[in-house]
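Just so it is clear: chains get the letters A, B, ... in the order the sequence lines come, proteins before strands, and each one is counted from 1.
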2 protein chains.
Amino acid sequence: MSRILVVDDDRQLLRALRINLIARGYDVVLAPDGATALAAASRQPPDLVVVDLGLPDMDGVEVVEGIRGWSSAPVIVLSARHLEQSKVRALDAGADDYVTKPFGMDELLARVRAALRRAAPASQEPVVETEAFTIDLAARRVTRDGADVRLTPTEWHLLEVLVRNAGRLVSQRQLLQEVWGPKYESETNYLRVYVAQLRGKLEPDPSRPRYLLTEPGMGYRFTP
Amino acid sequence: MSRILVVDDDRQLLRALRINLIARGYDVVLAPDGATALAAASRQPPDLVVVDLGLPDMDGVEVVEGIRGWSSAPVIVLSARHLEQSKVRALDAGADDYVTKPFGMDELLARVRAALRRAAPASQEPVVETEAFTIDLAARRVTRDGADVRLTPTEWHLLEVLVRNAGRLVSQRQLLQEVWGPKYESETNYLRVYVAQLRGKLEPDPSRPRYLLTEPGMGYRFTP
DNA sequence: CCGCCGCGTCAAGAAGGCGTCAAGATTGCC
DNA sequence: GGCAATCTTGACGCCTTCTTGACGCGGCGG
C-alpha cells in the first residue's frame, strides 16, 4: 500500500500517528527532523508526507519547499499556529492541506485518504514490462531473463524517475534535480556515466539503446 | 483562467466569495442550491467547486457525491459543523478539502489555489494530431507513421511555438525572438533553414507544404 | 521585359554534447 | 582497520547540431 513519511519532533504524536496509520495498512516512515526526512525520502520515496511546521532544524515553509524539490507527493502540514497568514504561506509553498493542532485522528486519516485519492491516478504505475526486462517499482526489483538485476541506489533512483515518466522526455535538469539534488543541475557528467551503466545492465545491445534513449541537448526518455 | 462553481444559500457569503474570486481572476458561477448547481455545471463544467454542506434542498454528502458524478474537479466543502464525523463523511464522499465556518477569506483562497494546482496536470491535454503526424507537447514527442521523429532542440522549440499558435500566423520576429532570443530578430536565415528541416521531417511532400505554411513577408503558420 | 527581394536549398566548418574509460575518493560493513 | 562497493571526477574521441554563406528560383513592381 501507500508509503507515508511522517515528520514531527513530538515523540508522542509520532507514536500515535504511526500506530493509527499502520492499523489502516499504510507503510509508515518516521523522521524527527527535516534532515532525517530528506535522507529517508531519497531511499524510500513516499506517496504522501505529513510534516509538522515546528521542526527543530528547519522553518516550516522551508520544509515544504524542500519536499517539493524531490517529490510531487501530496503534503499535509500540521501546525499549532492558527494564524491565517501561516496557512496561506504553507499552502502557497506547495502544501496540499493544513491541519491545526489539536486535531482528531479520524479527521487526519480522512484527509490522508482524500489527498492520496487525488494524487493516485498520476503517480501509481506498479509494474512496467518490456521485451527485455521487467521493472517492479513497488518491489524495487528489476528482472532480466528471469534473473534479478543488481542496481546501485543511484542507478535505481535514476531509472525510477525515467520509468515514472515513461514515454515522456525528461530534461537533464529535472533528472539531476530529482536524483542528485538542486545543486547538481549542471553536472551532466553524472547522467552520462549512470545512463551508460543502466544501459550496460538493461539494454540487449548497450551500444544501440532501445529503451533508454538520448535526446541530444534535451534529456533522456524511457520507452517501454 | 479557471472556472469556479460556488454553491451556497447564504447570499452574503456568496457575494463575498464572488467579489474575492473574481478579483483573483477566476471565472465564477454561483448557485444557491444543489439543483441549480447541477444545471449550471452541465452548461459550464467548472474546474473547481466550492459547496456549502447546509443547502436547502439536499444533504451535504449527497451534494458532494452528486458533484463527483459529473465531474472530477476538486471539491472544497464549507460547513458550520465542527464535528469530526461530519468532516470524515464529506472527505470520504469525495471532497478534497473541508473548511469550517467562520473562515478567513485568505485561507480559503489559498486552499483554492492548492486544489487547482494539484488538479491541473490531469486536466491538460496538449496533443495535436494531423493526418500525417502527431505532436505530444507534454511528452515532447512527435510521431509519424507510428515511428518517432527525431527533432533537435531548436527544431522542437520552433515547432512548439508554431503549434501553440496553431491556425494563427506567427510573425518572423516573434519566432526568432522566442526561439533564438531578442538579439536574433533579423536572422531570417535561421527560419528558412529550420522550417525547411521541419518540413523535411514532417510534411508528406516537403516541397509542397501542407501544415507548415509560409506567409510571404509576414511569417509562418501551422494548420492542423 | 527586366531587375530586385524574399524564400528554399545545400553544404561545410565550428562548436558543443555525448559515450567511454579508468583512476581516485568516499561510504558502509565486517 | 581493512575490504568491497559505490560514487565522483577528469580526459579523450566521435558524432550531432548549430551557424554561416552562396546560389537558384519565382513573384512583384518598375
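Counting only residues at least two apart or on different chains, the salt bridge (charged side-chain N to carboxylate O under 4.0 Å, His left out) pairs with a member in residues 180-197 of chain B are B:Arg173-B:Glu185. Sorted by first then second residue, the salt bridge (charged side-chain N to carboxylate O under 4.0 Å, His left out) pairs that include residues 200-212 of chain B, not counting sequence neighbours, are B:Glu131-B:Arg210, B:Glu155-B:Lys201. Applying the salt bridge (charged side-chain N to carboxylate O under 4.0 Å, His left out) test to residues at least two apart or on different chains, the pairs with a partner in residues 143-154 of chain A are A:Arg141-A:Asp148.
Remark: A:Arg15 engages no residue in a salt bridge (Lys or Arg N to Asp or Glu O under 4.0 Å) (not counting sequence neighbours). Under the side chain to side chain donor-acceptor pair (under 3.5 Å) criterion, A:Gln12 pairs with no residue at all, not counting sequence neighbours. For B:Glu215, the salt bridge (Lys or Arg N to Asp or Glu O under 4.0 Å) partners are B:Arg221, not counting sequence neighbours. With sequence neighbours excluded, no residue forms a ring-ring contact (aromatic ring centres under 6.0 Å, His included) with A:Tyr220. Remark: A:Arg168 pairs with no residue by the salt bridge (Lys or Arg N to Asp or Glu O under 4.0 Å) rule, at least two apart or across chains. With sequence neighbours excluded, the residues satisfying ring-ring contact (aromatic ring centres under 6.0 Å, His included) with B:Tyr194 are B:Trp180.
Taking the six-membered ring where tryptophan is involved, the planes of B:Phe133 and B:Tyr211 are perpendicular, since the angle between them exceeds 60° and thus also 30°.
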Heavy-atom protein contacts under 4.0 Å, nucleotides 6-17 of chain D, coded B base, S sugar-phosphate only, - none = SBBBB-----SS
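The separation between B:Leu158 atom CG and D:dC18 atom P is 11 Å, rounded to whole Å.
Of all nucleotides in DNA chain C having an atom under 4.0 Å from a heavy atom of chain A, the first and last in 5' to 3' order are C:dG17 to C:dC21.
Axis angle between the ends of the helix from C:dC1-D:dG30 to C:dC30-D:dG1, five pairs each and rounded to 10 degrees, works out to 30°.
Among the atoms of the strands shown, only primed sugar atoms or phosphate atoms (P, OP1, OP2) are found under 4.0 Å from some heavy atom of A:Gln172.
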